[in-house]
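Both backbone and side-chain heavy atoms feed into the values below; hydrogens, waters and symmetry mates do not. Labels below follow one simple rule: chain letters A, B, ... track the order of the sequence lines, proteins then strands, and each chain is numbered from 1.
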Amino acid sequence: MTTFKRNIASVVAPATGLTEEAVESVITLPQHEGQGDFSFPCFPLAKTLRQAPAAIAIDLAKRLQPPPGFVKIEALNGYLNFFVDKSDFASQVISEIIQNGPAYGNNAQGTGKIIAIDFSSPNMGKELAFHHLRGTMIGNSLSRIYHKNGYKVERINHLGDWGTSYGKLIVMFLRAGLGEADLPTLTLERLNALYRDFDAASKQNPGLEDEARQAFAKLESNDAFYRILWASFREVTLHELRRLYAILNVEFDAYVGEAFFADRLESVLELLKSKNLLRESQGAEVVDLEAFGMPPALIRKTDGSTLYITRDLAAALYRREHYGFEHCFYVVDNGQSLHFQQLFKVLELLGMDWHGRCEHIPFGLVLIKSEDGGWEKGKTRTGQSSLLKDVLEAARDKILGIMAEKNPDLAGSHEIATRIAVGALVFSELKNRRLNDIRFEWDQALSFEGDSGPYVQNAHVRLCSILRKTGLDRKAWTVADLNGIRWEIFTDSSSLALVDLLAQYPDKVVTASLSRDPCPLAQYALSVADAVHRFIHDCRVLGVPEERERLLLVHAAKSVLGSALELIGVPAIESM
RNA sequence: GCACCGGUAGCUCAGCUGGAUAGAGCGCUGCCCUCCGAAGGCAGAGGUCGUGAGUUCGAAUCUCGCCCGGUGCACCA
């Protein structure tokens, strides 16, 4: 792909006076048939050459000889269209895929650089709701994408495990008559129920809020019994989280929750004071951000306790010191953009010259139907949101039904059904741009038709199935397999369309990293799946004279599609 | 009121670092398995790209105003 662009640049640059880099950067891929394979738009030349773009294109088309790898140059509508030698193109693309193996699509953009990425980060004592899937999978996918771009990625789960909320849990735990003896059998479900009980009970008994604050104060002062309760609650939460993350195939390098920063808060306050940023306001301590068009950042409450942003300041300072990151990403929903604007501004005011390396990566909200029929943000606390484990189970069960009908040989395989369910749910989260709000509806969440995860997974399955029939599914392909390949076999439109897409993979890996959005890769996987299904439909592979060549393409397509699926976190399964 | 985000086919959405004739899926009308997996393929109908201006040779894409929807804006995280 890059060699083809470079070859175009090598003939266009001298004829136009542009640099080769400038030519390469404007080369586009045409959208319609008859427009060649690469295009150079002549419009920007109109001014300097004082000629109409169409005339420039016609003139260039006459004067230029097709560069290596090309057979024809044509002028059309002010574009200079280059037609590749199809055999040559297929040869270059497929050879590159075979030579690189799983490293195809890798680049060195991030070599030697570290990215700290904070995602998922649920609250202790609460079950994962369906809406947590979005941030979790966006963060997971971005981690993999940046890794493929050469970065070292540190995945951080910034567990919400400190604050008055945990006073609430302790209060309700004790009020329910539970004690240390009950800890071994405690479940996350039970803890989550205690939360809801607290909300209900505190409406009747407003004094409960005070009790919770006192309980948290006692926890903060390291009361031994309260520390044991807290540690158990945390372990129960982590146990269930790890179970779900395993199903989703999501991993973290660190579970560093807010509690970890508890004893660093004083030094944050000292730092703010030393820079003369802290002001007293209505009995609380704030950093005034009015000059920047923002409300003040509330650092310390009237009762002396600290807040979210105080802990986030401590976390940012720690991460910078501990990881020395190039970028620090916060994958958190769009509703918190003000918080992050304030956080980054305070870091700037503190004189942290790296504040610009911190970046909020917002995503749209998951809305649920409200009582009046409108749509609103779902809240775990009130129990309106569906639990992630329930949605996963429902999806798996529905898929088991479909499998029984479509592939009785595999019927009953919970493992495969689960992987299809994960693929379906994850793909529908990531195929759209991350800032779009999503409306949760059961019917839609459990719809597996059309442009869906299963459709893309099925393309991979069909490729695997063909390879399996020849015993080549576990083969390690090498450049030796390219000897004697008749590249002209790939010049039919279905094969060529597939080859063309495979060639675009490295660019898509970069695009996704620059937009900080898995969406381009999900869309790409979809178009590869389209091309695969069409290829399999149009081109018989086994038992035909072209078998050897087509098996090579099948393997190349499987390899690239599998890689793209891995990047977005959709399981690349081999049968379904 | 201020701020962030969205507004493209009946519905759900791609396309947005400006480029040629705006693309999918669902739904609707039909067609294709004696053939490697039909969870598949092919064809048809369906569009003032919210709206008004501006920048430009060229705007769904950039800038500004307005309208509609979601979210946030001091002691929760």
Side-chain angles (χ1 to χ4, degrees), chain A residues 25-26 28 30-32 35 39 41 43-44 46-47 52-53 76-79 81 121 123 160 162-165 258 281-286 293-303 305-309 311-312 332-342 360 362-365 367 374-377 381 399 402-403 405-407 420 428 431-433 435-439 444 447-452 454-459 461-470 511 514-515 519-520 522-523 526-527 530 532-534 536-544 547 550 554 575-576:
Chain A
S25 71
V26 297
T28 59
Q31 303 301 317
H32 301 280
Q35 297 176 344
S39 294
F43 308 98
K47 253 182 203 149
L76 182 67
N77 304 335
Y79 285 88
N81 291 331
S121 305
N123 288 330
W162 205 241
T164 26
S165 295
E258 299 193 291
S281 170
Q282 296 171 32
E285 292 185 75
V286 306
M294 284 182 247
L298 190 59
I299 302 289
R300 182 185 244 171
K301 300 193 275 186
T302 33
D303 70 0
S305 57
T306 57
L307 288 117
Y308 187 28
I309 197 165
R311 295 192 273 271
D312 264 356
V332 181
D333 79 72
N334 194 24
Q336 307 209 29
S337 42
L338 177 60
H339 166 74
F340 286 106
Q341 281 176 35
Q342 292 179 314
H360 176 209
F363 55 88
L365 298 142
L367 306 173
W375 292 91
E376 62 182 23
K377 188 177 175 180
R381 188 162 40 84
I399 283 161
I402 297 171
M403 284 170 74
E405 183 189 319
K406 306 221 179 205
N407 192 348
I420 298 171
S428 74
K431 76 171 174 183
N432 299 331
R433 301 198 113 207
L435 276 162
N436 293 1
D437 287 347
I438 284 185
R439 294 158 179 221
Q444 210 186 311
S447 160
F448 309 131
E449 287 175 0
D451 282 352
S452 63
Y455 173 84
V456 181
Q457 287 175 312
N458 186 39
V461 163
R462 293 178 80 186
L463 295 170
C464 290
S465 177
I466 291 172
L467 291 172
R468 197 160 46 230
K469 287 197 162 50
T470 59
T511 305
L514 296 180
S515 61
C519 167
Q523 291 291 334
L526 197 54
S527 37
D530 276 335
V532 164
H533 283 305
R534 191 154 88 87
I536 291 177
H537 182 269
D538 293 348
C539 301
R540 172 87 201 171
V541 176
L542 302 179
V544 298
E547 177 172 311
R550 288 186 174 155
V554 165
S575 52
M576 67 192 283

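Shown here, B:rC66 forms a base pair with B:rG50; the pair counts as Watson-Crick or G-U wobble because both key distances fall under 3.5 Å. The partner of B:rC57 is B:rG19, judged by Watson-Crick or G-U wobble contacts that both fall below 3.5 Å. Pairing of B:rA43, defined by two Watson-Crick or G-U wobble distances under 3.5 Å, is identified with B:rU29. Across all strands shown, B:rA9 forms no Watson-Crick or G-U wobble pair with both distances under 3.5 Å. With both pairing distances under 3.5 Å, B:rU71 is matched to B:rA3 as a Watson-Crick or G-U wobble pair. When both distances must be under 3.5 Å, the Watson-Crick or G-U wobble mate of B:rA38 does not exist.
If you check every strand for non-hydrogen atoms under 4.0 Å, A:Leu298 touches a base. Base contact: A:Asn77 has a heavy atom under 4.0 Å from a base atom. Residue contacts for A:Asn407: at a heavy-atom cut-off of 4.0 Å it reaches a base atom on one of the strands shown. In this structure, A:Ala284 reaches the bases: a heavy-atom distance under 4.0 Å links it to at least one base atom across the strands shown.
B:rG50 and B:rA14 have their P atoms separated by 13 Å, given to the nearest Å. Between the C1' atoms of B:rC57 and B:rG18, the separation comes to 12 Å (whole Å).
Distance check: A:Arg311 CZ to A:Thr306 OG1 gives 4.5 Å after rounding to the nearest 0.5 Å.
No donor-acceptor contact under 3.5 angstrom links the side chains of A:Asn334 and A:His360, judged on distance only.
A syn base is found at B:rC33: its glycosidic angle is within 90° of 0.
Partners of A:Asp538 by salt bridge (Lys or Arg N to Asp or Glu O under 4.0 Å), not counting sequence neighbours, listed by chain and number: A:Arg534.
Without hydrogens or angle criteria, A:Asp437 side chain to A:Leu365 main chain gives a donor-acceptor distance under 3.5 Å.
Side-chain N/O atoms of A:Lys406 include none lying less than 4.0 angstrom from OP1 or OP2 on B:rA38. At the phosphate of B:rG37, OP1 or OP2 sits under 4.0 Å from a side-chain N or O atom of A:Ser465.
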